[in-house]
Every structure is written in structure tokens, then in C-alpha cells.
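Okay, so here's the structure we're looking at.
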Amino acid sequence: MTEGTTSAPEGGDTLTRLEQEGEIAADYLEGLLDIADLDGDIDMDVEADRAAVSIVSDASSRDLQKLVGRDGEVLEALQELTRLAVHRETGDRSRLMLDIAGYRAKKRAELTEQGAKAAADVKNSGEPVKMQPMTPFERKVVHDAVKAAGLRSESEGEEPQRFVVVLPA
């Protein structure tokens with residue numbers, strides 16, 4: 001092997017691809033922050049086989065809240081735009097996850113708690129529990145919490161009214 005070349009296992013190729021997605025997304029988001037004249041730092045990571053990019057700020061997070069919007073609607077739109085920017089550069093569909101000012105992290109914690117509570121209710125009553133409509137991200141978090149509690153769940157309905165049903169074991 002010559003210096004400067006490495007032989008990466010298959011998992012390394014995936015990690016490299018996800019890191020590249022994160023870098024492309026970070027560049028795109030930096031440009032967006034400049035245009036919007038907002039302060040924020042970009043953090044990149046790889047979580048659960050997807051690139052994860054976060055915009056954080058030491059200053060007032062009120063400015064970044066504009067990028068979250070009501071119920072995360074602006075955040076969802078920015079995530080899709082960022083995924084499109086990555087797709088344009090790589091030619092591959094991206095499953096990149098964007099968080100702004102810790103919104104998704106807080107939401108994940110709340111939804112994990114809701115999923116665990118619904119699972120406990122199902123265990124106690126033996127009856128299925130239907131939850132309120134959720135975004136795909138929210139449903140995934142609830143499905144994971146239900147699975148961790150030892151039960152199963154399904155998504156039902158059509159977007160945007162798709163919801164999780166927690167089922168007895």
C-alpha cells in the first residue's frame with residue numbers, strides 16, 4: 001500500500017459518505033445563515049446511519065427560533081432544502097437530520113416519554129392506543145420507544161394525518 005491510500009472496510013465507506021453529506025449540508029447552511037444575517041455554529045455528526053447537522057448558538061436562541069418556526073415547520077422545510085442541496089452535489093438521496101437550537105433533541109425526549117407512557121397504558125389495559133398525528137421523525141421516535149418497552153406499533157392513516165397505534169404484545 002502506498003502512503004496516503006487506505007483500505008477502508010464497507011462501514012468506512014458509509015461513514016465517509018455520511019461525513020461528506022454533513023460537510024455539504026454545513027456549507028449550505030452556513031450560506032443560509034449568512035444570507036439571513038443570523039449567528040450560529042454548525043455541528044456535524046453521524047447518528048444511526050445518517051448524517052446529523054445541528055445549528056447552535058451561544059447568543060440568544062431567539063434568533064435561531066425563527067429557523068425552527070411554529071411546531072418545527074420551518075425546520076422541516078430547511079431540512080428538506082438541505083437534503084436537496086446534498087442530493088444536487090452527490091446524486092444520492094440523503095436521510096440527513098437537521099436540528100436547530102436543540103429543538104429536535106427536546107422533541108425526541110418528549111416523544112420518547114410519550115411513547116413509553118403509551119406502551120405502559122397498553123400493558124395495563126391490554127387495549128391498543130392511538131396517538132395524535134405526527135411527522136415521520138416523530139413517529140420514528142415513538143416506534144423506537146414502544147419497541148424499547150417490549151411492545152409493537154404501527155403507523156396508520158395518510159399524511160399529514162398519519163399516526164402511531166401502540167399494540168398489545
Side-chain angles (χ1 to χ4, degrees), residues 13-118 129-148 153-166:
D13 291 344
T14 300
L15 181 61
T16 301
R17 181 180 53 79
L18 294 174
E19 288 172 343
Q20 178 190 16
E21 283 186 19
E23 289 174 17
I24 293 166
D27 289 344
Y28 176 78
L29 292 166
E30 288 274 351
L32 179 80
L33 289 173
D34 286 346
I35 290 168
D37 196 29
L38 296 173
D39 289 327
D41 295 321
I42 310 289
D43 288 340
M44 296 179 296
D45 201 359
V46 174
E47 299 172 359
D49 293 332
R50 61 172 54 184
V53 179
S54 300
I55 301 175
V56 295
S57 176
D58 293 335
S60 166
S61 64
R62 176 170 248 155
D63 284 346
L64 290 182
Q65 290 304 318
K66 296 173 187 174
L67 298 178
V68 173
R70 190 182 81 231
D71 297 327
E73 290 174 339
V74 176
L75 171 58
E76 289 289 334
L78 287 174
Q79 177 174 278
E80 286 308 309
L81 289 171
T82 305
R83 286 177 174 177
L84 286 171
V86 170
H87 181 273
R88 186 185 67 225
E89 291 288 323
T90 65
D92 295 326
R93 181 179 171 274
S94 174
R95 295 176 51 234
L96 177 128
M97 187 64 69
L98 175 64
D99 192 7
I100 299 174
Y103 176 83
R104 274 202 206 276
K106 286 180 248 168
K107 191 75 170 172
R108 179 178 281 122
E110 292 168 9
L111 290 165
T112 298
E113 189 176 313
Q114 287 178 18
K117 182 184 179 318
V129 170
K130 292 181 180 180
M131 301 184 77
Q132 79 275 5
M134 299 178 184
T135 66
F137 161 75
E138 294 169 336
R139 290 192 310 268
K140 170 75 168 105
V141 172
V142 171
H143 285 305
D144 289 348
V146 170
K147 184 177 180 181
S153 57
E154 297 175 350
S155 291
E156 293 184 4
E158 297 294 323
E159 295 292 352
Q161 297 300 313
R162 200 153 167 81
F163 58 95
V164 174
V165 179
V166 181

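Position 1 is the first residue of the sequence; numbering continues from there. Computation of the quantities below employed the complete heavy-atom set of this structure, encompassing side-chain atoms and omitting hydrogens, waters and symmetry-equivalent molecules. It should be emphasised that the depicted structure is a prediction, and the values quoted were computed from it without experimental measurement.
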[X] side, atom [atom1]; [Y] side, atom [atom2] - distance, nearest 0.5 Å:
| X | Y | atom1 | atom2 | result |
| --- | --- | --- | --- | --- |
| D144 | R108 | CG | CZ | 9.0 Å |
| L75 | I100 | CG | CD1 | 4.5 Å |
| K117 | L111 | NZ | CG | 14.0 Å |
| T112 | Q114 | OG1 | CD | 9.5 Å |

Considering all heavy atoms, the nearest [X]-[Y] contact:
| X | Y | result |
| --- | --- | --- |
| A51 | G22 | CB-N, 4.1 Å |
| S57 | L64 | CB-CD1, 3.5 Å |
| M44 | A26 | SD-CB, 3.7 Å |
| A101 | K106 | O-NZ, 3.8 Å |
| V142 | V164 | CG1-CG1, 3.9 Å |
| A116 | A145 | N-CB, 4.1 Å |

Is any side-chain heavy atom of [Y] closer than 4.5 Å to one of [X]?
| X | Y | result |
| --- | --- | --- |
| L67 | L33 | yes |
| T82 | V53 | no |
| M97 | E47 | no |
| V46 | E19 | yes |
| L32 | L78 | yes |
| D41 | I55 | no |
| M131 | V165 | no |
| P136 | E159 | yes |

Point to revise | Any pair counted as salt bridge (Lys or Arg N to Asp or Glu O under 4.0 Å), so long as it reaches residues 85-98, sequence neighbours left out | key: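 Residue pairs passing salt bridge (Lys or Arg N to Asp or Glu O under 4.0 Å), neighbours aside: none found.
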NZ/NE/NH1/NH2 to OD/OE distance under 4.0 Å, [X] and [Y]:
| X | Y | result |
| --- | --- | --- |
| E76 | R104 | yes |
| D13 | R17 | no |
| K107 | E138 | yes |

Looking at [Y], is its backbone amide N or carbonyl O close enough to the side chain of [X] to form a donor-acceptor pair, meaning the two atoms are under 3.5 Å apart?
| X | Y | result |
| --- | --- | --- |
| Q79 | L98 | yes |
| R162 | M134 | no |
| D99 | Y103 | yes |

Check your understanding: So is R139 actually on top of F163's ring, under 6.0 Å and inside 45° of the axis?
Key ->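 So R139 doesn't make the cation-pi contact.
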Practice item. Would you kindly say whether Q65 and R70 are connected by a side-chain donor-acceptor distance under 3.5 Å? Key: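 Q65 vs R70: no donor-acceptor pair found between side chains.
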Review point. Just checking, is any N or O donor in the side chain of S94 or H87 under 3.5 Å from an acceptor N or O on the other one?
Key: no
Taking everything shown except [X] itself, do over 12 heavy atoms lie less than 6.0 Å from its [atom1]?
| X | atom1 | answer |
| --- | --- | --- |
| E80 | CD | yes |
| D34 | CG | yes |
| Q132 | CD | yes |

Practice item. Could you check I42 against E30 for side chain to side chain contact (heavy atoms under 4.5 Å, CB included), going step by step and ending with a plain yes or no? Key: CA-CA 8 Å; I42 310 289; E30 288 274 351; 3.3 Å; yes
Exercise for review: Just do the side chain to side chain contact (heavy atoms under 4.5 Å, CB included) check on Y28 and L81 with the steps written out, would you?
Suggested key: CA-CA 9 Å; Y28 176 78; L81 289 171; 3.5 Å; yes
